[in-house]
Amino acid sequence: MQIYDSVQKKKVPFEPIRKGEASIYVCGPTVYDDAHLGHARSALAFDLLSRTLKALGYKVTMGKNFTDIDDKIIKKVEETGKSLEEITTHYIARYLEEMDALGVARADIEPKATESLDAIEQMIQKLIEKDAAYVVSSGDVYFDTSKDAHYGDISHRVGEDEENQSRIEHTEEKRNPKDFALWKACKGDEDICFDTAFSRGRPGWHIECSAMIEKHFAKAHGNDTYSIDIHGGGADLLFPHHENEAAQSRCATGHELAKYWMHNGFVQIDGEKMSKSLGNSFFLKDALNVYDGEVLRYYLNSVHYRNNFNFNEEDLLSAKKRLDRLYRLKKRVVPGKGSAVNKAFKEALLEAMSDDLNVSIALSVIDEMVAKANEQLDSNPKEKALKKETIANIEFIDTLLGFGGKEPYAYFQIGIDEALKAKIETLLNERSEAKKAKEFERSDAIRDELTTMGIAIMDTAEGTVWEKA
RNA sequence: GGUGCCAUCGCCAAGCGGUAAGGCCGCAGCCUGCAAAGCUGCUAUCCCCGGUUCAAAUCCGGGUGGCACCUCCA
């Protein structure tokens, strides 16, 4: 397995801390609003990584956090009058639901910041004891970046002259401009606060991940050099979030946070990063309203995870057509039990995915398998062994890439209710009779009517089948 | 101002020094009562300029254009 390490800036062989095991931690969402397509892409990218490592035989432990205490959530509390818990449980539930729709496997560990306060306090305390952090008069606690000789190793940002240009907020009591808040003391009574040895307040964003990783992963790894194998997240988290995480963990624990760092590219709309400030965010729930989760998954995963992804409907439709082809093949071979996966096919897929998740190659391997199987079925429709192997092939695709697992007829009938289904069946029966009587005008009229209804039909050797167009 | 990434057929997208995968769209054919589906065939020399090399889309230098990070962000 080769992965691209964004710190080394090159593809490197994946050599886990523990033989045969892989621990992955991905920065999850701050739950103050609905998830957008960017959250989906990140989750999907690391879902693919996890599936690939599993298929290669690794025992994968996946962690993904929920930041459920944060300025923006508090702002939402003030705006809506709802409690913090009401808001966070709502958005966490929505997030998980939507990820389920996309076929993203649940993480093994899903820590929340509010449930990790003990670990956060401990880590900050340790940093204060080591003089790598300091409490200022307000009660805020800052990390002293000058105490970490390796600060900058993750993002490769070191230049001192950068300080003047950077937009980092300058606070009087900070020792160094780059120092960042580990803990934010409460200002008023309204605030959502927690008591600690240093002050009443709440955790800064960066410390959460470090503490949660330490709490859930590092213990199992004892005195290893690294806490986890892979730390992932969106490309925008590389700096300052991951740089800060790495520094805190290094100083507090004495070992490195992650052996490898992986970052996914952005979802763009019209060539620009999707963001709230630009007013072009695309919520996942809206996308799922219009498109099936599996189609969305296929589409969002069809571009390499490190590239930027320019979301548009035309490309999504093209992706859907590609997925449709797989399901049409599935219709031809189902029902039945799968035999063994074709060896060459399996190897080609794994080889592609082992190369830093080269999905483009993987999808082309699948397309070629589909075309070849169709060709063979055309010449020999009753080929039992081929059917069984194809079923197994598709099952393997579903395991590795997370699509193709639905019952094929159902896939093409998503969103069609029973009443409409009955009507379609009636029309198709009428059309068959007309055809039998060679009344082609009548049969074509029925077909036109179905087309108007958004139903495509195709006559096969096994009879007429229909699809939602 | 600093730091990165990217530029391949109409569209999406592989490629990582040895002579351009795959998909969508389009065209032609087979199949079909006609369609659809499926199958077959056809369609690019890789933003520009210079260099290195027997050989470059792939390496180096210089342009041009796009995007991102340096502030909360997947």
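Since this is a predicted model, take the numbers as computed values, not measurements. In what follows, every chain begins at residue 1, and chains take the letters A, B, ... in the order their sequences are listed.
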Restricting both atoms to N or O, compile the protein contacts to nucleotides 9-12 of chain B shorter than 3.5 Å, with distance only.
unit_1  : atom_1 : unit_2  : atom_2 : d
rC11(B) : O2'    : D315(A) : OD1    : 3.4

Exercise for review: Look at all strands and tell whether S364(A) reaches a base, only sugar-phosphate, or nothing, counting heavy atoms closer than 4.0 Å.
Suggested key: base
Revision key, fill the gap. With sequence neighbours left out, the residues meeting side-chain contact (heavy atoms from CB on, under 4.5 Å) with T464(A) are L428(A), R431(A), I457(A), D459(A)
**Study point:** Toward the 5' end of RNA chain B, by each residue's nearest nucleotide, F309(A) or Y32(A)
**Key:** F309(A)
Check your understanding: Between rA56(B) and rA20(B), how far is it from one P atom to the other, in whole Å?
Key -> 13 Å
Exercise for review: Using a 4.0 Å heavy-atom cut-off across all strands, classify V267(A) as base, sugar-phosphate, or nothing.
Suggested key: base
Practice item. Could you check which residues of residues 99-112 of chain A get a heavy atom under 4.0 Å from RNA chain B? Sort them by number, please. Key: none
Review point. Taking only residues two or more places apart in sequence or in another chain, which ones pass side-chain contact (heavy atoms from CB on, under 4.5 Å) with K387(A)?
Key: V333(A), L377(A)
Exercise for review: Would you classify G232(A) as touching base, sugar-phosphate or nothing, given that sugar-phosphate means primed atoms plus P, OP1 and OP2, and contacts are heavy atoms under 4.0 Å?
Suggested key: nothing
Check your understanding: What pairs with V7(A) under side-chain contact (heavy atoms from CB on, under 4.5 Å), at least two apart in sequence or on another chain?
Key -> D5(A), I154(A), H156(A), W261(A)
Check your understanding: Is R322(A) paired with D367(A) through a side-chain N to carboxylate O contact shorter than 4.0 Å?
Key -> yes
Exercise for review: Considering only atom P, compute the distance from rG18(B) to rC59(B) and round it to an integer number of Å.
Suggested key: 11 Å
Review point. What side chain to side chain donor-acceptor pair (under 3.5 Å) pairs are there with at least one residue in residues 286-295 of chain A, not counting sequence neighbours?
Key: Y291(A)-E313(A), D292(A)-K406(A), E294(A)-Y327(A), E294(A)-K406(A)
**Study point:** Contacts of K346(A) that satisfy salt bridge (charged side-chain N to carboxylate O under 4.0 Å, His left out) - sequence neighbours left out
**Key:** none
Exercise for review: Could you tell me whether G38(A) contacts a base, only the sugar-phosphate backbone, or nothing, with contacts defined as non-hydrogen atoms closer than 4.0 Å?
Suggested key: base
Review point. Centre of F412(A)'s six-membered ring, under 6.0 Å away, within 45 degrees of the axis: is that where NZ or CZ of K331(A) sits?
Key: yes
**Study point:** Gap in Å between the two C1' atoms, one belonging to rU53(B) and one to rU71(B), rounded
**Key:** 47 Å
Sort me out a list of protein N/O and nucleotides 4-7 of chain B N/O pairs below 3.5 Å, or just none if empty.
none

Exercise for review: Report, as a single string ordered 5' to 3', how protein heavy atoms within less than 4.0 Å touch nucleotides 34-40 of chain B: B base, S sugar-phosphate only, - not at all.
Suggested key: BBBSSSS
Exercise for review: In whole angstrom, give me the gap between the C1' atoms of rA14(B) and rC6(B).
Suggested key: 15 Å
Practice item. Could you tell me which residues satisfy side-chain contact (heavy atoms from CB on, under 4.5 Å) with E439(A), sequence neighbours excluded, listed by chain and number? Key: A434(A), A437(A), R442(A)
Review point. What is the distance from atom CH2 of W183(A) to atom CZ of R202(A), rounded to the nearest 0.5 Å?
Key: 9.5 Å
Point to revise | Side chain to side chain, E110(A) and N65(A), heavy atoms closer than 4.5 Å | key: no
Check your understanding: Base, sugar-phosphate, or nothing for K72(A), non-hydrogen atoms under 4.0 angstrom?
Key -> base
Exercise for review: Verify the ring-centre separation between Y299(A) and F309(A): is it less than 6.0 angstrom?
Suggested key: yes
Point to revise | Whether over 12 other heavy atoms sit under 6.0 Å from Q8(A) CD | key: yes
Review point. Taking it one step at a time, do Y260(A) and F14(A) satisfy ring pair (Phe, Tyr, Trp, His ring centres under 6.0 Å)?
Key: CA-CA 8 Å; Y260(A) 305 96; F14(A) 174 65; 5.5 Å; yes
Review point. Under 4.0 angstrom, heavy atoms only, what part of the nucleic acid is S155(A) near: base, sugar-phosphate, or nothing?
Key: nothing
Practice item. Kindly state which residues belonging to residues 401-413 of chain A come within less than 4.0 angstrom of RNA chain B, counting heavy atoms of the residue only, listed by number. Key: none
Review point. Has the side chain of H36(A) got a donor or acceptor that lies under 3.5 Å from a partner of the other kind on the base of rA74(B)?
Key: yes
Give each protein N/O atom lying under 3.5 Å from an N/O atom of nucleotides 64-67 of chain B, with the pair distance.
unit_1  : atom_1 : unit_2  : atom_2 : d
rC67(B) : O2'    : Q268(A) : NE2    : 2.9
rC67(B) : O2'    : N308(A) : ND2    : 3.4

